[in-house]
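We name chains A, B, ... by the order of the sequence lines, and we start the count at 1 in each one.
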Amino acid sequence: MQSVLIAAEESHILRILNSSFQTLDSIKDRISHIFANFFCSKYFSIDLIDTRYRGIDEVKTSYNQNQCELSENGRRQSEPSDGDEGQCSGAVFNVLDTMLKDSLDRLKTMRQSISWDAIGRECCDFEVNYKRDITIIRALCLEGKLGVALSLWYMMIQKSVIPDIITHNYLINGFCKTGNLDKAEWLVKEMLFRGPPPNCATYNTLIKGYCLQKDIERALNLFSTMANSGIGPNRVTCNIIVHALCKKGLLEDARKLLTEILGDTYPKDTSNLITSTILMDGSFKNGDINLALTYLDGIFCGGIPLDTVFYNVAIHGFCLIGDISTAYKYVCEMFKRGFLPDIFSYNTLIGALCKEGRTTEACYIYNVMSRMGVSPDQITYKMIIQGLCFHGDVIKANLFLHAMLDDSVVPQPLIWNVIIDGYGRCGNMQKALSIREQMAAFGVMPNTFTYNALIHSQIKSGNVVEAHSLKKEMVLNGSFPDLVTYNLLLGASCNLGNFHSVLQIYDEIVRGGYYPDIITYTELLKYYCIQGYTEKAEDLLEKLQTLNLQVDHVPFLILMKKYCKMRELDKTFELYQKWLLRMS
DNA sequence: CACCCCTCAA
């Protein structure tokens, strides 16, 4: 603001000087015979541009000097000439003099008032704007609003203000997390082009992005080429790569890579807790329990400080192998060592307990976590509600749904669907429909799963017509039937022996571009059996085994049952042998 | 700003 005023004042003065010179120029000829030579030689020596750089006092002194000399000469010279000329030029000079003097004074005052302090504030303004802008970009990136973040970035670039490296990394991270790898790559190219040059975190973010896309090839490629850009991979890079390899089940490759990079000391070197945790996690998930226990021992014996994630990985690992009591032991260990279990610890335990059918214990843990000040999240509720529904306690599951609503948490569609499905399975169609109403009242849109749950329960209740109209309704509401929908309807038609309907649905599956799965074919096979077309069923079973499908025991079982009923014991036995052969 | 843990339905 201040500098704008100064600039305005300066240009004002320049204008006055300019017009002064023009005026002077025009009257110069008329008064030249009096003092032109003297004036010109003195006054015009002050360069216009110079006034901006020379001390203003010097200009002023110089100007005043000129004025003095001018007026002295003017007075001296004006006497012999005709008075008009003298008076006229005197008046002009007086006016110009006043204007210039005022302006110069004003300029001087302003210059003085604008100390370095004020100029500093001006810089501060820039700083504040810059900080504000990059803070907004970062926040937008974290919220996933990358379009807006990028346009703000672009606005800064247009103003020749380059956001710092961290802000760039935030943007790249945002693009990677949302799967926009091409945008992330483009931004890295931008950084190489105009700066700031990418750092290790930039490349790590991009590598992580490739891993999220399951593109390990590219991740490894960047990993091996990033050194060419002058930035070597660090421990974080290794952890990202090792994690990706573990996820793919390539534990051996991960270990080889580490040995290659970190030397032969690995894995005896447990200095990096995170790397060891990743490897332990990978071993548990790949079913190599002995290896997992080796890593676990290694970490414990390493005497290094542990973290909550390490305990959670151990707890999860033991839950995974069904050893919940050891998992509990590690929870106790956490408490002993001063760590408090977090939402991950509790959810892991609850998930394992629900899977085991120990729902009462799961509900107990739910109470414990609430008392410990860890609020259950959607995952907690999802697992408990699903566990209760699966084990037939829909009523208790519904209580948890209400606990969520009481906590002002709007359940995800999944949770509503699980409850609807639960009521449908136990034949309570009314309640299933009322939950669907409630779901709509909370603004949660029904999806394909919702409709499939409803269709399933209608079919279970024998209302096939209702099931078909639900299929029509879902299309109207913007959801699309999937293979499960078709399999449900196909199964119903098969059981009813409705040949026309079976053909129609099968046709719709194929025309819709869906690939019939093993359940579709099993339903068809069941239809052939019910209708007594055992040869067709045999043919279908043969065909199934040539297709790239995971054929389970169900189609064999259906056909064997049919042969049993027909007292075709030879054929039953033949089929049984085929099945054994298939399984081996 | 970048690395490890919980879910993802019939």
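Minimum atom distance to the side chain of Gln386(A) is reached by dA9(B), of the listed dC5(B), dA9(B), dC4(B). Here the side chain of Thr205(A) is nearest to one of dC5(B), dC4(B), dA2(B), namely dA2(B). In this structure, of dC8(B), dC1(B), dC4(B), it is dC8(B) that holds the atom nearest to the side chain of Lys382(A). Distances from the side chain of His243(A) to the nucleotides dC6(B), dC4(B), dA2(B) place dC4(B) closest. Closest to the side chain of Asn173(A), out of dC8(B), dA2(B), dC6(B), is dA2(B).
Between the side chain of Asn234(A) and the base of dA2(B) there is at least one donor-acceptor pair of N/O atoms closer than 3.5 Å. In terms of polar N and O atoms assigned as donor or acceptor, the side chain of Asn417(A) comes within less than 3.5 Å of the base of dA9(B) in a complementary pairing.
One interatomic measurement links the two molecules: OH of Tyr330(A) to P of dC6(B), which rounds to 18 Å at whole-angstrom precision. Rounding to whole angstrom units, CG of residue Leu273(A) and P of dC5(B) are separated by 13 Å. Nucleotide dC3(B) holds its P atom 14 Å from the CE atom of Met226(A), rounded to whole Å. Straight-line distance from the NZ atom of Lys131(A) to the P atom of dC1(B): 15 Å, rounded to whole Å. Straight-line distance from the CD1 atom of Ile172(A) to the P atom of dA2(B): 12 Å, rounded to whole Å. Between the C1' atom of dC8(B) and the CG atom of Asp482(A) lies a distance of 15 Å, rounded to the nearest Å. Between Met439(A) atom CE and dA9(B) atom C1' the separation is 12 Å, expressed in whole Å. Distance Leu349(A) CG to dC5(B) C1': 12 Å, rounded to the nearest Å.
Nucleic acid contact for Val309(A): base, since at least one base atom lies under 4.0 Å from a heavy atom of the residue. Nucleic acid contact class of Ile379(A) (heavy atoms, under 4.0 Å, all strands): base. Residue contacts for Ile278(A): at a heavy-atom cut-off of 4.0 Å it reaches the sugar-phosphate backbone alone, with no base atom in range. Residue Asp164(A) is classed as having no contact, given no heavy-atom separation below 4.0 Å to the nucleic acid. Residue contacts shown for Asp307(A) include a base, since a base heavy atom lies under 4.0 Å away. At a threshold of 4.0 angstrom between heavy atoms, the contacts of Asn452(A) include nucleobase atoms, whether or not backbone atoms are also involved. Counting non-hydrogen atoms under 4.0 angstrom, Lys177(A) reaches nothing in the nucleic acid. Using a 4.0 Å heavy-atom cutoff across all strands shown, Gln378(A) reaches no nucleic acid atom at all.
Ionic pairing of Glu437(A) and Lys431(A) is not present here: no N-O contact between side-chain nitrogen and carboxylate oxygen is shorter than 4.0 angstrom. Electrostatic pairing of Lys471(A) and Glu466(A) does not count as a salt bridge here, judged by no charged N lying under 4.0 Å from a carboxylate O.
An aromatic stacking contact links Phe449(A) with the base of dA9(B), defined here by ring centres under 5.5 Å apart and ring planes under 30° from parallel. Here Phe344(A) lies parallel enough and close enough to stack on the base of dC5(B), with planes under 30° and ring centres under 5.5 Å apart.
Annotation: Phe400(A) is in aromatic contact with Tyr366(A) [ring centroid separation under 6.0 Å]. If you look at Phe344(A) and Tyr311(A), their ring centroids are not closer than 6.0 Å. In this structure, Phe284(A) has its ring center closer than 6.0 angstrom to the ring center of Phe318(A).
Phosphate contact (OP1/OP2 of dC6(B), side-chain N/O of Lys285(A), threshold under 4.0 Å): present.
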For this session: Please lay out, stage by stage, how Asn477(A) and Tyr451(A) fare under the test side-chain hydrogen bond (donor to acceptor under 3.5 Å, both in side chains).
Result: CA-CA 10 Å; Asn477(A) 283 342; Tyr451(A) 282 106; 2.6 Å; yes
